[in-house]
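Below is one structure, written out as structure tokens; comments come after it.
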Amino acid sequence: MKGLRVGRELFTRSEHNPLITHRDMPYCCNTVFNPGAAVVDGEVLLLLRVEDLEGRSHLTVARSKDGVTDWRIEDEPLMHPREHGTPYEEYGIEDPRLTYLEDIGKWVIVYTAYSPMGAGVALAVTEDFKTVERYGLVLAPNNKDAAVFPRKIGDKYWMLHRPAAGQIEHVWLTECVDLVHWGHPWMVINERGGPWWDGYRVGANSPPIETEDGWLVLYHGVKQFPGGPTYRMGAALLDLEDPRRLLARLPYWILGPHEPYETSGEVPNVVFSNGHILDGDKLHIYYGAADSSVCLATGRLSVIVEELRQHRV
């Protein structure tokens with residue numbers, strides 16, 4: 001029957017994938033994956049999640065002039081659980097998202113602080129990715145997958161996050177005026193249940209992107225199979241002035257694990273992005289593949305938004 005095919009992948013993988021593996025690191029580690037991304041001093045900067053040989057994660061800076069090749073990776077972590085002494089990071093520091101806030105002139109690093117008490121949302125700021133100021137835990141466990149919006153809406157900062165309530169894990173919003181005291185939670189993207197690709201779990205990917213049609217939210221969806229979960233990427237739109245309003249949501253994924261480096265690794269069948277670089281209409285997504293390497297895929301922002309226009313809620 002005609003007209004029954006639904007969806008298509010909207011990103012093209014880099015021919016250089018994987019860009020960074022544990023073999024490229026200047027010190028010994030197990031894996032490197034799930035980086036935050038930014039443009040700093042005309043270069044692409046990735047804040048890599050690195051898992052050490054103890055099993056804990058820390059964050060290390062990598063830089064590249066073209067964002068693809070010749071990565072210069074720091075010899076020492078920018079953030080390590082050992083250096084701070086907080087009990088909330090005892091098990092590691094994971095999955096950073098980077099947002100530049102012009103009103104304070106600093107980059108916000110929002111990350112998962114993992115400890116015996118669970119996974120919580122922590123926040124730090126930096127001007128140069130050489131030193132950081134930790135604000136500490138801002139959302140108590142169990143909570144993760146947080147991403148700060150790139151500007152105030154009204155007079156408030158806004159952040160996506162993913163609290164866990166038993167087996168229920170939706171994408172929520174929270175707001176504040178000082179980057180510390182977050183409140184007024186509101187659920188915006190639900191896990192759909194059933195057989196859907198995002199039926200088991202959803203969570204935010206990189207920070208929201210402002211477009212004329214609304215805030216573009218790239219999110220990961222999980223489907224549980226007998227052999228384990230599969231992580232893919234989807235897209236939704238939130239209202240520019242009231243991000244609590246969901247405007248559109250694609251019913252299908254736009255990037256999923258197919259290549260060998262995505263289907264085989266520490267955690268098979270995972271495409272998981274924390275960071276993007278927007279270059280005009282080109283959207284460069286940096287993602288972790290199978291929790292084992294850093295990869296790159298590129299799409300067109302206008303194409304994603306046009307697809308969303310066809311799927312208003």
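Everything numeric here is computed off the predicted structure, so don't read it as measured data. Any value given below was found using the heavy atoms of this structure, including those in side chains, with hydrogens, waters and symmetry copies removed.
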Is there a donor-acceptor contact under 3.5 Å from the side chain of [X] to the main chain of [Y]?
X: R97; Y: D95; result: yes
X: S206; Y: N274; result: no
X: W182; Y: V138; result: no
X: R192; Y: P251; result: yes
X: S264; Y: P260; result: no
X: D242; Y: D239; result: no

Is atom [atom1] of [X] surrounded by more than 12 heavy atoms (other residues, nucleotides or ligands) closer than 6.0 Å?
X: I104; atom1: CD1; answer: yes
X: R134; atom1: CZ; answer: yes
X: K152; atom1: NZ; answer: yes
X: D66; atom1: CG; answer: yes

- Carefully, step by step, assess D213 and L247 under the rule side-chain contact (heavy atoms from CB on, under 4.5 Å). CA-CA 9 Å; D213 289 67; L247 302 180; over 6 Å; no
Residue pairs fulfilling ring pair (Phe, Tyr, Trp, His ring centres under 6.0 Å) with at least one residue in [range], sequence neighbours excluded:
range: residues 218-245; answer: W197-Y219, H220-Y231, H220-F272
range: residues 108-153; answer: Y91-Y114, W107-F129, F149-W215
range: residues 14-42; answer: Y27-H58

- Y200 six-ring centre to K223 NZ/CZ under 6.0 Å and within 45° of normal: no
- Report the C-alpha distance between D198 and R249 in whole Å, list the side-chain angles of each, state the deciding distance to 0.1 Å, and finish with yes or no for salt bridge (charged side-chain N to carboxylate O under 4.0 Å, His left out). CA-CA 12 Å; D198 53 358; R249 180 179 181 178; 2.9 Å; yes
Side chain proximity check, [X] to [Y], heavy atoms < 4.5 angstrom:
X: I73; Y: I20; result: yes
X: L160; Y: V217; result: yes
X: L48; Y: L59; result: no
X: I109; Y: L98; result: yes
X: P208; Y: L216; result: no
X: N17; Y: Y261; result: yes
X: D145; Y: N205; result: no
X: V32; Y: M25; result: yes

- Item | Verdict with reasoning, K65 to E43, per salt bridge (charged side-chain N to carboxylate O under 4.0 Å, His left out) | CA-CA 5 Å; K65 293 187 181 300; E43 295 185 305; 3.5 Å; yes
[X]: partners by salt bridge (Lys or Arg N to Asp or Glu O under 4.0 Å), with sequence neighbours left out:
X: E54; result: R56, R82
X: E210; result: R151
X: E175; result: K156

Can you name the nearest heavy-atom pair linking [X] to [Y], along with the distance?
X: I189; Y: L246; value: CG1-CD1, 4.4 Å
X: V110; Y: A147; value: CG1-CA, 4.0 Å
X: H170; Y: R162; value: O-CG, 3.2 Å
X: L308; Y: A235; value: CD2-O, 3.6 Å

- Query: If you measure only the distance, is there a donor-acceptor pair under 3.5 Å linking the side chains of H161 and N143?
  - Reply: yes
- Residues sharing Y88's hydrophobic cluster, by side-chain heavy-atom contacts under 4.5 Å among ILVMFWY, directly or via others? M117, L137
Interatomic spacing from [atom1] in [X] to [atom2] in [Y] - rounded to 0.5 Å:
X: R72; Y: S64; atom1: CZ; atom2: OG; value: 7.5 Å
X: T211; Y: L240; atom1: OG1; atom2: CG; value: 6.0 Å
X: M79; Y: T131; atom1: CE; atom2: OG1; value: 11.0 Å
X: H276; Y: I209; atom1: NE2; atom2: CD1; value: 3.5 Å
X: L218; Y: I254; atom1: CG; atom2: CD1; value: 5.5 Å
X: L53; Y: C29; atom1: CG; atom2: SG; value: 7.5 Å

The criterion is side chain to side chain contact (heavy atoms under 4.5 Å, CB included); which residues satisfy it with [X], sequence neighbours excluded?
X: P268; result: none
X: D41; result: none
X: E9; result: R13, W253, L255, H258

- Message: Quick one, D70 with R63, criterion salt bridge (charged side-chain N to carboxylate O under 4.0 Å, His left out). Give me CA distance, side-chain angles, the key distance, then yes/no.
- Response: CA-CA 8 Å; D70 299 323; R63 295 178 176 87; over 6 Å; no
- Tell me the salt bridge (charged side-chain N to carboxylate O under 4.0 Å, His left out) pairs involving residues 115-128, sequence neighbours left out? none
- Less than 4.0 Å between a side-chain N and a carboxylate O, is that true for E94 and R49? yes
Taking distance alone, no hydrogens or angles, what donor-acceptor pairs closer than 3.5 Å link side-chain atoms of residues 282-306 to residues at least two apart or in another chain?
{"from": "H284", "atom 1": "ND1", "to": "T298", "atom 2": "OG1", "distance (Å)": "2.8"}
{"from": "Y286", "atom 1": "OH", "to": "G67", "atom 2": "O", "distance (Å)": "2.7"}
{"from": "Y287", "atom 1": "OH", "to": "E262", "atom 2": "OE2", "distance (Å)": "2.6"}
{"from": "S292", "atom 1": "OG", "to": "E266", "atom 2": "N", "distance (Å)": "2.8"}
{"from": "S292", "atom 1": "OG", "to": "A290", "atom 2": "O", "distance (Å)": "2.8"}
{"from": "S302", "atom 1": "OG", "to": "D281", "atom 2": "OD1", "distance (Å)": "3.3"}
{"from": "S302", "atom 1": "OG", "to": "D281", "atom 2": "OD2", "distance (Å)": "2.8"}
{"from": "E306", "atom 1": "OE1", "to": "R309", "atom 2": "NH1", "distance (Å)": "2.7"}
{"from": "E306", "atom 1": "OE2", "to": "Q310", "atom 2": "NE2", "distance (Å)": "2.7"}

